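Labels below follow one simple rule: chain letters A, B, ... track the order of the sequence lines, proteins then strands, and each chain is numbered from 1. What you see is a predicted model, and the numbers here were worked out from it, not measured in a lab. Side chains are part of it too, since the values below use all heavy atoms of this structure and drop only hydrogens, waters and symmetry mates.
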Amino acid sequence: MTVVTRFAPSPTGFLHIGGARTALFNWLYARHHGGKFLLRIEDTDRKRSTQEAVDAIYEGLEWLGLNWDGDATSQFERADRHREAVQALLDAGKAYRCYCTPEELTQMRETAKAEGLPWKYSGIWRDRDPSEAPEGVDPVIRIKAPLDGEVVINDLVQGEVRVANETLDDMVLLRGDGSPTYMLAVVVDDHDMGVTHVIRGDDHLTNAFRQYQLYVALGWDVPEFAHIPLIHGPDGAKMSKRHGALGVDAYRDEGYLPEAMRNYLLRLGWAHGDEEIISTKQAIEWFDLSNVGRAASRFDFAKLSNLNGHYVRSGDDQMLVDAIAPLLEETRGSALDEAEKALLCTAMPGLKERAKNIVELSDSASFYVAKRPLNYTEKARNQLDEDAAAHLRVLASDFDQMADWEAEKLEQHVRDYVDATDPAVKLGKVAQPLRAALSGTTVSPPIFDVMVILGKQETLARINDAILATNF
RNA sequence: GGCCCCAUCGUCUAGUGGCCUAGGACGCUGGCCUUUCACGCCGGAAACACGGGUUCGAACCCCGUUGGGGUCACCA
């Protein structure tokens with residue numbers, strides 16, 4: 001049997017982090033088994049569904065690199081098919097029309113609550129004759145669920161879970177206006193799409209029992225279920241927009257790399273021994289539902305950040321240049337030319353070692369393509385004192401005479417200069433002003449590497465700018 | 001509240017009855033490296049929620065307690 005999984009988000013405006021992990025697990029499971037990973041948009045609630053929201057889901061998945069097979073299915077467009085399934089149930093006497101109005105139901109619920117009784121639809125229309133139907137009420141269709149016995153689900157993550165049928169009531173399948181409910185639509189769609197494994201958030205576990213009853217009523221095979229635990233915020237409470245439940249686009253904007261997100265999300269709730277750094281290829285090979293934990297986990301930005309740093313450090317130079325280019329152009333206000341991009345690519349090995357995300361990488365790279373004269377940070381300006389000016393003047397003229405513009409030679413020269421200067425000065429006493437002059441900051445890649453990447457002409461020009469700026 | 005699920009360092013986790021005086025990672029922390037900042041390296045503090053069983057033996061099995069979470073719509 002070919003494995004078919006699906007990700008079925010409702011278009012709420014963005015692909016949030018929990019959904020992203022659910023999608024990842026479904027994707028990994030399908031890829032691991034050489035099966036299919038399908039996408040279905042649960043857009044039956046027309047009020048909350050917009051094309052922008054659907055596009056946000058597409059973009060989120062694409063950014064994460066979770067490619068789905070075939071075209072995405074729109075649940076809304078399948079309403080006729082959903083009604084057809086209900087008609088079959090009606091014909092078979094497994095569903096019935098209920099003429100209770102929403103107001104009556106609300107009333108019943110409140111009464112039950114007031115008396116401290118558990119609420120459950122009584123099923124009063126279950127066996128009532130249609131001739132007793134009141135005038136002017138559009139009935140809903142409810143399933144005629146079993147009254148006794150129990151539903152047992154062998155969940156691939158949660159294990160055996162069972163619930164007594166008597167605690168479940170006759171759920172609504174078709175609303176008064178004839179539109180299908182979520183419970184109905186999911187079952188019909190999963191069946192029609194040939195879904196073999198329903199992998200979704202823990203919050204759907206109780207839905208699984210009712211859906212099980214529907215599968216049975218429809219005479220269909222019940223798919224395997226795997227309810228994965230939810231992701232909580234750093235404080236242990238349910239994820240909210242305040243802490244983490246952002247759209248994946250927000251993570252992208254904050255400089256996280258898709259491979260880092262995949263790796264982090266994978267390790268949240270799943271493990272393969274002590275492995276921490278797991279490539280996507282390796283993940284596909286190793287992924288298994290039996291290794292998914294059963295407890296909810298908290299979202300930890302520090303760990304994500306650390307992982308992201310790893311992927312930035314080991315990232316391809318050109319890929320990283322492409323990633324920071326838009327940010328650099330944005331802050332500088334002008335486009336980067338090919339020479340500048342090439343320069344950044346050469347500088348990348350020294351840059352990526354020091355950044356833990358794309359935004360930082362962009363910031364730290366900006367001095368390479370900044371226009372002279374540089375703007376100095378306060379700390380950099382403090383480096384450019386009278387002593388510094390003196391050193392820079394000497395070094396500028398020395399550098400001007402140097403034939404070989406190589407890092408080792410430059411470093412050796414500066415070290416010799418430091419040693420020869422009396423009273424003894426530390427290398428840092430000269431290197432920091434140099435760094436300030438060349439980068440405008442006090443933090444940069446090794447300064448002699450910077451000189452080489454910048455080139456002799458630009459280096460000398462920036463040093464002279466700095467000497468002028470010192471006013472000494 | 002009813003029903004359901006869960007419970008190992010601060011966090012993510014390894015652990016499936018003896019290999020556990022509980023391992024790894026992030027974070028925290030002491031040190032080394034060093035032209036800055038990182039990276040890297042060496043070291044440290046830090047957990048089996050509690051109480052009963054079962055067993056020669058329990059982090060692992062059972063029961064209870066406590067604590068957390070989910071769900072109870074003509075939303076999805």
Side-chain angles (χ1 to χ4, degrees), chain A residues 8-12 42-45 47-49 75 98 100-102 105-106 109 112-113 116-121 138-142 155 157-159 161-164 167-169 171-177 179-183 185-186 201-209 227 229-230 232 234 236-238 264 267-277 291 293-307 309-310 313 350-356 360 364 379 383 411 414-415 418 426-432 434-436 439 441-448:
Chain A
S10 47
T12 52
E42 312 246 295
D43 52 359
T44 55
D45 183 349
K47 292 187 291 294
R48 298 201 304 198
S49 301
Q75 188 159 65
C98 166
C100 290
T101 62
L105 257 12
T106 304
R109 247 193 302 276
K113 191 177 179 183
L117 298 170
W119 158 249
K120 183 184 145 183
Y121 170 67
D138 291 327
V140 298
I141 311 291
R142 288 180 184 271
D155 193 279
V157 169
Q158 305 295 340
V161 184
R162 52 179 67 213
V163 71
T167 64
L168 270 21
D169 62 6
M171 65 180 155
V172 173
L173 265 20
L174 243 36
R175 301 190 183 92
D177 65 1
S179 64
T181 60
Y182 163 78
M183 286 293 188
V186 188
D202 223 351
D203 51 340
H204 285 283
L205 186 56
T206 51
N207 288 336
F209 299 117
H227 290 92
L230 267 18
H232 289 163
K238 193 179 181 183
Y264 178 71
R267 283 288 289 104
L268 211 52
W270 179 88
H272 184 83
D274 286 338
E275 301 292 339
E276 294 289 347
I277 303 293
N291 288 316
R294 281 175 292 183
S297 45
R298 299 184 187 203
F299 198 88
D300 183 2
F301 283 98
K303 189 152 185 176
L304 201 213
S305 184
N306 173 274
L307 221 32
H310 167 83
R313 287 195 294 280
L351 254 17
K352 66 185 181 184
E353 190 76 24
R354 298 168 166 72
K356 59 182 192 297
E360 279 186 14
S364 66
K379 284 179 180 174
Q383 286 294 329
E411 178 170 354
V414 174
R415 283 183 185 281
V418 166
K426 291 253 192 271
L427 179 57
K429 191 71 180 160
V430 177
Q432 279 305 86
L434 217 37
R435 192 183 313 280
S439 72
T441 73
T442 52
V443 176
S444 84
I447 200 60
F448 304 110

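- Residue A:T167 has its side chain nearest to B:C3 when only B:C3, B:C12, B:U35 are considered.
- Of the possible polar contacts, one joining the A:R435 side chain to the A:P445 backbone as a donor-acceptor pair under 3.5 Å is found.
- A sub-4.0 Å separation between OP1 or OP2 of B:A38 and a side-chain N or O of A:R313 is absent.
- Here the separation of B:G51 from B:A7, taken at their C1' atoms, is 15 Å to the nearest Å.
- Note on A:P229: nothing from the nucleic acid sits closer than 4.0 angstrom, heavy atoms only.
- In this structure, the CE atom of A:M171 is 14 Å from the C1' atom of B:A76, given to the nearest Å.
- Contact annotation: A:R294 reaches the phosphate of B:C6 (side-chain N/O to OP1 or OP2, under 4.0 Å).
- Using atom C1' as the reference point in both B:U34 and B:G27, the two lie 24 Å apart (nearest Å).
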Report the C-alpha separation of A:Y264 and A:F301 in whole Å, then their side-chain angles, then the decisive distance to 0.1 Å, and conclude whether the ring-ring contact (aromatic ring centres under 6.0 Å, His included) test is met. CA-CA 10 Å; A:Y264 178 71; A:F301 283 98; 8.4 Å; no
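- Looking at heavy-atom distances under 4.0 Å, A:F448 makes contact with a base.
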When every nucleotide of nucleotides 68-74 of chain B is labelled 5' to 3' by its protein contacts under 4.0 Å (heavy atoms), B for base, S for sugar-phosphate only, - for none, what sequence of letters results? -SBS-SB
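- Across all strands shown, A:P445 has heavy atoms under 4.0 Å from base atoms, whether or not it also approaches the sugar-phosphate.
- The same atom, P, is picked in B:G44 and in B:G2; the two are 49 Å apart, to the nearest Å.
- In this structure, B:G2 and B:U71 make a Watson-Crick or G-U wobble pair, each of the two defining distances being under 3.5 angstrom.
- Between the CD1 atom of A:I277 and the P atom of B:G24 there is a distance of 16 Å, rounded to whole Å.
- Among the heavy atoms of the strands lying under 4.0 Å from A:R435 is at least one base atom, whether or not backbone atoms are also near.
- Comparing B:C6, B:G24, B:C37 by their closest approach to the side chain of A:D274 singles out B:G24.
- Inspection of the A:T12 and A:S10 side chains reveals no N or O donor paired with an N or O acceptor under 3.5 Å.
- The gap from the C1' atom of B:A49 to that of B:G67 amounts to 8 Å, rounded to the nearest Å.
- B:U35 atom P lies 16 Å from atom NZ of A:K429, rounded to whole Å.
- Comparing the same atom, P, in B:C41 and in B:C26 gives a spacing of 9 Å after rounding to whole Å.
- Which of B:C6, B:A76, B:G27 sits closest to the side chain of A:Q75 comes down to B:A76.
- Between A:R267 and A:Q158, the one whose closest nucleotide on RNA chain B sits nearer the 5' end is A:Q158.
- Residue contacts for A:S444: at a heavy-atom cut-off of 4.0 Å it reaches a base atom on one of the strands shown.
- Per the geometry, CZ belonging to A:R354 stands 13 Å off P belonging to B:U35, to the nearest Å.
- Remark: P of B:C28 and CG of A:N306 are 10 Å apart, rounded to the nearest angstrom.
- Rounded to an integer number of Å, the gap from A:H227 NE2 to B:C5 P is 12 Å.
- Within a 6.0 Å radius of NZ in A:K429, no more than 12 heavy atoms belonging to other residues, nucleotides or ligands are found.
- Taking the C1' atom of each, B:G15 and B:C28 are spaced 25 Å apart, rounded to whole Å.
- If you take atom P in B:U54 and the same atom in B:C60, they sit 15 Å apart, rounded to whole Å.
- Distance from the side chain of A:K303 is smallest to B:C12 among B:C5, B:A76, B:C12.
- Heavy-atom distances to RNA chain B give each of A:R162 and A:T442 a nearest nucleotide, and the one nearer the 5′ end belongs to A:R162.
- At whole-Å resolution of the value, CD in A:E275 and C1' in B:C12 are 15 Å apart.
- Here B:G10 is the nucleotide among B:G24, B:A38, B:G10 with the atom lying nearest to any side-chain atom of A:D300.
- In this structure, A:E353 reaches the bases: a heavy-atom distance under 4.0 Å links it to at least one base atom across the strands shown.
- B:U13 and B:U55: their P atoms are spaced 34 Å apart (whole Å).
- Heavy atoms of A:G293 sit nowhere under 4.0 angstrom from any nucleic acid atom.
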